[in-house]
Structure formats: structure tokens, C-alpha cells
Amino acid sequence: MIEEIISGGQTGADRAALDAAILLDIPHGGWLPKGRKTEDGPLSRRYTLREMHSRRYRDRTEKNVMSADVTLLFSFGPLSGGSALTEALAIRHDRPYLHIDLEHFPLHQAAEAVQTWLLNRNARIVNIAGPRASSEARIYPAVFAVLMALDWVQLRAPEQSFQRKDR
């Protein structure tokens with residue numbers, strides 16, 4: 001069952017995942033480029049992500065795909081940019097992923113699809129990715145709403161302590 005939500009800390013989908021995790025009291029983490037680099041400046045220390053030695057987004061994206069049991073990708077329309085790279089890396093490394101195109105799924109159906117998919121996986125660490133806010137203004141509120149609509153009681157192990165584990 002889900003023990004941690006990770007992302008790359010970028011604005012948009014990544015930040016929505018981290019904010020939802022904090023609000024839901026789910027441990028969060030992930031990797032981000034050296035200098036805590038994001039499009040709106042260094043990521044706040046409020047988020048417990050770890051810095052890579054590299055400043056390249058691509059390196060951070062690959063590390064997050066490899067650090068997770070599964071990846072959830074959200075978009076409005078086809079994947080592009082870093083989101084398409086995330087999908088390509090999941091395929092290359094044979095890592096399970098689910099792409100939810102919010103142009104085709106109302107939020108409640110997206111939440112149902114995510115819930116069912118996660119329940120059918122033995123995932124402890126979930127990587128959440130999608131476009132940054134500058135390329136898709138609707139992504140943060142949509143991803144946040146989908147994650148808040150999930151039945152986390154069902155997705156979490158009942159005996160889970162939720163203490164962060166270092167890898």
C-alpha cells in the first residue's frame with residue numbers, strides 16, 4: 001500500500017502532488033536538480049525533496065521514475081516536454097505508469113481510474129508527474145482535486161506508521 005508520494009518539485013502537477021501529500025499527512029519526497037531548481041526559483045525547504053548533483057531536469061526525472069514503484073502522469077491532451085520524457089523513461093526502464101488525460105476524464109472518473117489502478121498494483125512509492133504551471137494553468141488544481149478525491153484509507157496500509165524511510 002502507498003507509503004510515499006514523490007515528484008520532481010516543479011510547478012504544476014508535481015507541486016500539486018506534494019501539497020496534497022502534505023495535507024493528507026502522507027510522507028513525500030523525490031529528487032530535484034541541484035540548487036532545488038524549478039521554474040519559479042529554488043523549491044521551498046517545506047518540501048522534503050533531495051537535490052541531485054546534476055542541474056538537468058532529465059536526470060531528476062529519471063531518478064524519480066526509478067525511485068518509484070509506479071508513476072502517475074496527468075495532462076490535458078497529449079504528453080509533451082518533460083511529461084513525454086517521463087513516459088519514455090518509464091517504458092525504457094519497464095516501470096508501470098498510468099497516463100490520465102484530463103481532456104477525456106472528468107475529475108471524478110479520473111479519481112476512480114487512479115484508485116482502481118493503484119489498488120491493482122503493489123505500490124509503496126508513487127511518482128506523480130505532469131506539465132508545469134507555465135505550460136498548463138489548469139494542471140495544479142486538477143491534479144490536486146484528483147488526489148484529494150482518492151480513498152486514502154483504502155490505499156494506505158492500516159498498520160502503516162508513515163515515518164519517512166531513507167533510501
Side-chain angles (χ1 to χ4, degrees), residues 1-76 79-87 89-90 95 97-100 102 107 110-111 114 118 123-153 155-157 160-167:
M1 302 314 284
I2 309 301
E3 294 176 10
E4 184 177 19
I5 291 174
I6 68 171
S7 83
Q10 188 56 268
T11 63
D14 292 11
R15 201 82 52 86
L18 297 174
D19 289 342
I22 290 168
L23 190 62
L24 293 163
D25 197 29
I26 298 169
H28 72 278
W31 295 92
L32 75 169
K34 183 176 182 166
R36 300 182 68 82
K37 181 173 116 177
T38 71
E39 75 172 349
D40 65 348
L43 184 67
S44 166
R45 297 273 176 201
R46 165 180 193 245
Y47 302 104
T48 58
L49 279 69
R50 291 178 277 172
E51 283 185 61
M52 305 271 306
H53 292 292
S54 168
R55 297 187 68 81
R56 293 176 5 144
Y57 288 123
R58 176 188 179 86
D59 297 337
R60 165 271 275 163
T61 299
E62 188 164 25
K63 182 81 169 179
N64 283 326
V65 167
M66 296 304 295
S67 296
D69 299 308
V70 299
T71 294
L72 289 174
L73 273 162
F74 292 93
S75 70
F76 282 93
L79 294 173
S80 62
S83 301
L85 173 63
T86 302
E87 179 185 48
L89 290 168
R95 309 297 282 196
Y97 75 95
L98 175 66
H99 172 215
I100 298 289
L102 295 163
L107 293 180
V114 169
L118 288 174
R124 294 181 307 107
I125 301 169
V126 179
N127 178 35
I128 298 177
R132 54 180 65 185
S134 64
S135 63
E136 178 50 76
R138 300 173 292 173
I139 200 67
Y140 179 99
V143 171
F144 188 84
V146 168
L147 295 176
M148 296 305 291
L150 298 178
D151 181 352
W152 287 100
V153 171
L155 291 171
R156 293 177 177 175
Q160 193 170 349
S161 67
F162 294 107
Q163 293 179 0
R164 184 171 168 73
K165 296 174 177 67
D166 290 328
R167 281 180 271 297

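Proximity of a side-chain donor or acceptor of N127 to a complementary backbone N or O of A68 within less than 3.5 Å is not detected. Not a single donor-acceptor pair under 3.5 Å links the side chain of H99 to the backbone N or O of L72. Between the side chain of W152 and the main chain of L147, a donor-acceptor pair closer than 3.5 Å is present. The backbone N or O of G30 sits nowhere less than 3.5 Å from a side-chain atom of N64 that would complete a donor-acceptor pair. At distances below 3.5 Å, at least one donor-acceptor pair connects side-chain atoms of K37 with backbone N or O atoms of R55. In this structure a side-chain-to-backbone donor-acceptor pair under 3.5 Å is present from T61 to Y57. Remark: side-chain polar atoms of E51 are paired, donor with acceptor, to backbone N or O of G35 under 3.5 angstrom. With hydrogens and angles ignored, the 3.5 Å screen pairs a side-chain donor or acceptor of E39 with a backbone N or O of S134. Side chain of R36 to backbone of L43: a donor-acceptor contact under 3.5 angstrom is found. Between the side chain of S135 and the main chain of P131, no donor-acceptor pair closer than 3.5 Å is present.
To the nearest 0.5 Å, atom CG of residue L85 and atom CG of residue L79 are 11.0 Å apart. Here I128 contributes atom CD1 and S7 contributes atom OG; the two are 7.5 Å apart, rounded to the nearest 0.5 Å. Rounded to the nearest 0.5 Å, atoms CG (L150) and CG (L155) are 6.0 Å apart. Here CD of E87 is found 3.5 Å from OH of Y97. Values are rounded to the nearest 0.5 Å. Of the inter-residue distances, the one linking K63 atom NZ with L89 atom CG reads 13.5 Å to the nearest 0.5 angstrom. Residue S67 holds its OG atom at 7.0 Å from CZ of R50, rounded to the nearest 0.5 Å.
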| Stepwise side-chain contact (heavy atoms from CB on, under 4.5 Å) test for R15 and T38 | CA-CA 10 Å; R15 201 82 52 86; T38 71; 3.6 Å; yes

| task | Please test T11 against Y140 for side-chain contact (heavy atoms from CB on, under 4.5 Å), starting from the C-alpha separation and ending with a verdict. | result | CA-CA 8 Å; T11 63; Y140 179 99; over 6 Å; no

| request: Decide yes or no on side-chain contact (heavy atoms from CB on, under 4.5 Å) for I6 and V126, but give the supporting numbers first. | output: CA-CA 6 Å; I6 68 171; V126 179; over 6 Å; no

| task | Might you work through the side-chain contact (heavy atoms from CB on, under 4.5 Å) test for K34 and M52, ending with a clear yes or no? | result | CA-CA 5 Å; K34 183 176 182 166; M52 305 271 306; 5.7 Å; no

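A cation-pi arrangement is not found for R60 relative to W31, the charged atom failing to lie both closer than 6.0 Å to the ring centre and inside a 45° cone about the ring normal.
For the pair R95 and V70, the minimum side-chain heavy-atom distance is 4.5 Å or more. Side-chain contact check for M148 versus L24: some heavy-atom pair is nearer than 4.5 Å. Residues L107 and L102 are in side-chain contact: their nearest non-hydrogen atoms beyond the backbone lie under 4.5 Å apart. Within the 4.5 Å cutoff, the side chain of R58 has no heavy atoms near those of the T86 side chain.
The shortest non-hydrogen separation linking L49 to G8 is CD2-C, 3.7 Å. Residue G130 comes nearest to D14 through the heavy atom pair N-OD1, 3.9 Å, listed as atom of the first residue, atom of the second, then distance. Taking all atoms of both residues into account, the shortest heavy-atom contact from G29 to L18 is O-CD2, 3.9 Å.
Using a 4.0 Å cut-off between charged nitrogen and carboxylate oxygen, R46 and D19 count as a salt-bridge pair. Electrostatic pairing of D25 and R156 does not count as a salt bridge here, judged by no charged N lying under 4.0 Å from a carboxylate O.
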